[in-house]
S.K.: 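Starting off with a structure, shown below.
We're numbering straight along the sequence, starting at 1.
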Amino acid sequence: MATGPRPRPRSGYGCPTTTSGWSPPTDGGEFCDLLYLHTPFGANRYNRVEWQSAHPTESPERDRERYPYPLHPAPGGLLIWGTTMDADRLCWLTDGEPEEWPVVVWSSEGWYETHRTGAAAFFEGWVGGRVHSRLLGAMDPALAPWFNTFRPRVDRCVVLSEGPLSHDERLSRLRTALAPTTDRGAWRSERDGSGQDHFATLDADWLLTYDTPHPHRIRIAFPPEDTERVRHRLFGAAELMECRVLEVTTAAGTPLETWDAVTDEDE
């Protein structure tokens with residue numbers, strides 16, 4: 001059931017321990033850079049049970065068509081267990097026995113869509129292209145599905161000179177230097193040809209984006225213990241691309257004097 005369609009540009013999980021006696025999910029992660037898993041008992045300030053309890057539902061008779069469900073812990077309320085890159089929420093509809101709770105997509109614009117399946121089956125069906133939603137983006141069918149576990153990561157941006165080589169040749173050399181890698185999608189502007197190429201390393205848990213041409217840079221997220229290894233391989237890749245490293249910054253663009261400098265953004 002969808003209570004209001006809207007166009008979008010893109011794109012076994014246990015039930016929680018409360019009075020029902022189920023065990024809460026302890027791990028989180030993201031599917032394909034679009035859907036994110038969260039335990040309702042985690043630290044996310046806008047989705048955990050404490051946030052829901054602090055936002056009591058409006059009168060059940062008010063705007064019932066657009067807001068058909070109350071929030072947990074109200075009887076039959078929504079219990080949030082996931083989000084999307086577009087700030088939508090994925091919820092259990094806590095009506096009946098926990099193992100029978102269906103999934104409700106609660107969009108950032110206030111629309112709802114109910115899927116009569118559990119969370120695990122919903123994710124499996126969405127990744128496999130068997131579950132379709134009018135409110136969620138769709139995964140690129142040309143890409144193999146992936147899952148990234150939530151873990152501490154350091155984000156760095158390496159700003160590069162243009163160099164004499166073409167974009168395709170630079171990208172090829174970058175991925176050769178970091179091989180083996182796997183595609184995570186790409187984007188190109190029809191207006192000026194600028195774009196992004198996303199990929200990940202297979203022998204290390206590094207996530208990369210190659211931006212070009214303005215700014216011309218490599219963005220990378222990696223586990224803190226790989227800091228020196230990443231520096232060595234990434235600077236070697238820049239040399240192979242025949243580009244000079246002009247600057248190293250944080251994800252927010254703060255310049256760093258050294259590669260391994262620790263900032264508030266890394267915490």
S.K.: In this structure, would V159 and L256 fall into the same cluster of hydrophobic residues linked by side-chain contacts under 4.5 Å?
M.R.: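 No: no chain of side-chain contacts under 4.5 Å links V159 to L256.
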
S.K.: Find out if a path of hydrophobic residues (ILVMFWY) with successive side-chain heavy-atom gaps under 4.5 Å connects V131 to Y36.
M.R.: yes

S.K.: Would you name the heavy atoms of P224 and V154 that are closest together and state the gap between them?
M.R.: CA-CG2, 3.9 Å

S.K.: Residues in side chain to side chain donor-acceptor pair (under 3.5 Å) with S133, at least two apart?
M.R.: E113

S.K.: W259 versus R156: any side-chain heavy-atom pair under 4.5 Å?
M.R.: yes

S.K.: Please output the side-chain donor-acceptor pairs of residues 229-237 that fall under 3.5 Å, not counting sequence neighbours, one pair per line with the distance.
M.R.:
unit_1: R231; atom_1: NE; unit_2: E228; atom_2: OE1; d: 3.3
unit_1: R231; atom_1: NE; unit_2: E228; atom_2: OE2; d: 2.9
unit_1: R231; atom_1: NH2; unit_2: E228; atom_2: OE2; d: 2.7
unit_1: R233; atom_1: NH2; unit_2: A177; atom_2: O; d: 3.3
unit_1: R233; atom_1: NH2; unit_2: L178; atom_2: O; d: 3.2
unit_1: R233; atom_1: NH2; unit_2: A179; atom_2: O; d: 3.4

S.K.: Can you check whether G77's main-chain N or O pairs, donor with acceptor, with T94's side chain at less than 3.5 Å?
M.R.: yes

S.K.: Going by the rule salt bridge (charged side-chain N to carboxylate O under 4.0 Å, His left out), which residues pair with R188 if we only count those two or more places apart in sequence or in a different chain?
M.R.: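 For R188 the salt bridge (charged side-chain N to carboxylate O under 4.0 Å, His left out) partners, ignoring immediate neighbours, are D197.
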
S.K.: For E257, which residues count as a side chain to side chain donor-acceptor pair (under 3.5 Å) partner, sequence neighbours excluded?
M.R.: none

S.K.: Partners of D183 by side chain to side chain donor-acceptor pair (under 3.5 Å), sequence neighbours excluded?
M.R.: R175

S.K.: Could you work out, with side chain to side chain contact (heavy atoms under 4.5 Å, CB included) as the rule, every residue matching F147, not counting sequence neighbours?
M.R.: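 Per chain and number, F147 pairs via side chain to side chain contact (heavy atoms under 4.5 Å, CB included) with F31, L37, T149.
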
S.K.: With a 4.5 Å limit on heavy-atom distance, are the side chains of E124 and R130 in contact?
M.R.: yes

S.K.: If only side-chain N and O atoms count, and only distance matters, is there a donor-acceptor pair under 3.5 Å linking D260 with T258?
M.R.: yes

S.K.: Hey, what do you get for CD (E109) to CG (D86), rounding to the nearest 0.5 Å?
M.R.: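 So the gap between those two atoms works out to 9.0 Å.
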
S.K.: Mind checking side chain to side chain contact (heavy atoms under 4.5 Å, CB included) for E242 and listing every partner two or more places apart, or none if nothing turns up?
M.R.: P164, L165, R173

S.K.: Rounded to the nearest 0.5 Å, what separates atom CG in L174 from atom OG1 in T181?
M.R.: 8.5 Å

S.K.: Quick one: are W92 and V104 in side-chain contact, heavy atoms under 4.5 Å?
M.R.: no

S.K.: Would you mind listing every salt bridge (charged side-chain N to carboxylate O under 4.0 Å, His left out) that reaches into residues 72-84, with sequence neighbours excluded?
M.R.: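 Pairs touching residues 72-84 that pass the test: none.
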
S.K.: Please answer whether the main-chain N or O of S161 pairs with a side-chain N or O of H216 as donor and acceptor at a distance below 3.5 Å.
M.R.: yes

S.K.: For R219, is there an ion pair with D211 - N to carboxylate O distance below 4.0 angstrom?
M.R.: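 Looking at R219 together with D211, the answer is yes, because their closest N to O distance falls below 4.0 Å.
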
S.K.: Heavy atoms, side chains only, cut-off 4.5 Å: are R170 and Y210 in contact?
M.R.: yes

S.K.: Could you tell me whether a side-chain N or O of T83 sits under 3.5 Å from a main-chain N or O of A87, the two making a donor and an acceptor?
M.R.: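 Checking the backbone N and O of A87 against the side chain of T83, no donor-acceptor pair under 3.5 Å is found.
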
S.K.: Using ring centroids (six-membered ring only for Trp), state whether W81 and F123 fall under 6.0 Å.
M.R.: yes

S.K.: With the side chain counted from C-beta on, respond yes when R151 and D205 share a heavy-atom pair under 4.5 Å apart, and no when they do not.
M.R.: yes

S.K.: Going from CG on D88 to OG on S107, what distance comes out if it is rounded to the nearest 0.5 angstrom?
M.R.: 5.5 Å

S.K.: Name all residues meeting the side chain to side chain contact (heavy atoms under 4.5 Å, CB included) criterion together with E100; count only those two or more places apart in sequence or in a different chain, and write none if there are none.
M.R.: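 E100 satisfies side chain to side chain contact (heavy atoms under 4.5 Å, CB included) with E97 once adjacent residues are dropped.
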
S.K.: Measure the spacing between NE2 of H132 and CZ of R134 and express it to the nearest 0.5 Å.
M.R.: 13.5 Å

S.K.: Whether the side chain of W106 engages the backbone of L78 through a donor-acceptor N/O pair (distance < 3.5 Å, no angle test) should be reported.
M.R.: no

S.K.: For D226, check salt bridge (charged side-chain N to carboxylate O under 4.0 Å, His left out) against everything at least two apart and list the hits.
M.R.: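 Partners of D226 under the salt bridge (charged side-chain N to carboxylate O under 4.0 Å, His left out) test: none.
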
S.K.: For P180, enumerate each residue passing the side chain to side chain contact (heavy atoms under 4.5 Å, CB included) test, keeping only those at least two apart in sequence or located in another chain.
M.R.: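 Listed in chain order: L202, D203.
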
S.K.: Are the side chain of T176 and the backbone of S172 linked by a donor-acceptor contact shorter than 3.5 Å?
M.R.: yes

S.K.: Distance from N148 atom CG to E30 atom CD, nearest 0.5 Å?
M.R.: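 Answer for the CG-CD pair, N148 versus E30, is 4.0 Å.
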
S.K.: Taking all heavy atoms of A221 and all of D155, pick out the closest pair and write down the distance.
M.R.: CB-OD1, 3.3 Å

S.K.: Heavy atoms, side chains only, cut-off 4.5 Å: are L79 and L93 in contact?
M.R.: no

S.K.: List the atom of A251, the atom of C157, and the distance in Å for their closest heavy-atom pair.
M.R.: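 For A251 versus C157, the nearest heavy atoms are CA-SG, 4.1 Å.
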
S.K.: First locate atom CG of L160, then atom CD of E247, and finally report the distance between them rounded to the nearest 0.5 Å.
M.R.: 11.0 Å

S.K.: Kindly work out whether a path of hydrophobic side-chain contacts (I/L/V/M/F/W/Y, heavy atoms less than 4.5 Å apart) joins L90 to M85.
M.R.: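 Shared cluster, yes.
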
S.K.: Applying ring-ring contact (aromatic ring centres under 6.0 Å, His included), which residue pairs with at least one partner in residues 184-207 are found, sequence neighbours left out?
M.R.: none

S.K.: Would you mind telling me which of L208, I220, L207 makes a side-chain contact (heavy atoms from CB on, under 4.5 Å) with T201?
M.R.: L208

S.K.: Is the shortest heavy-atom distance from the side chain of F122 to the side chain of V105 under 4.5 Å?
M.R.: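 Yes. Closest side-chain heavy atoms under 4.5 Å.
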
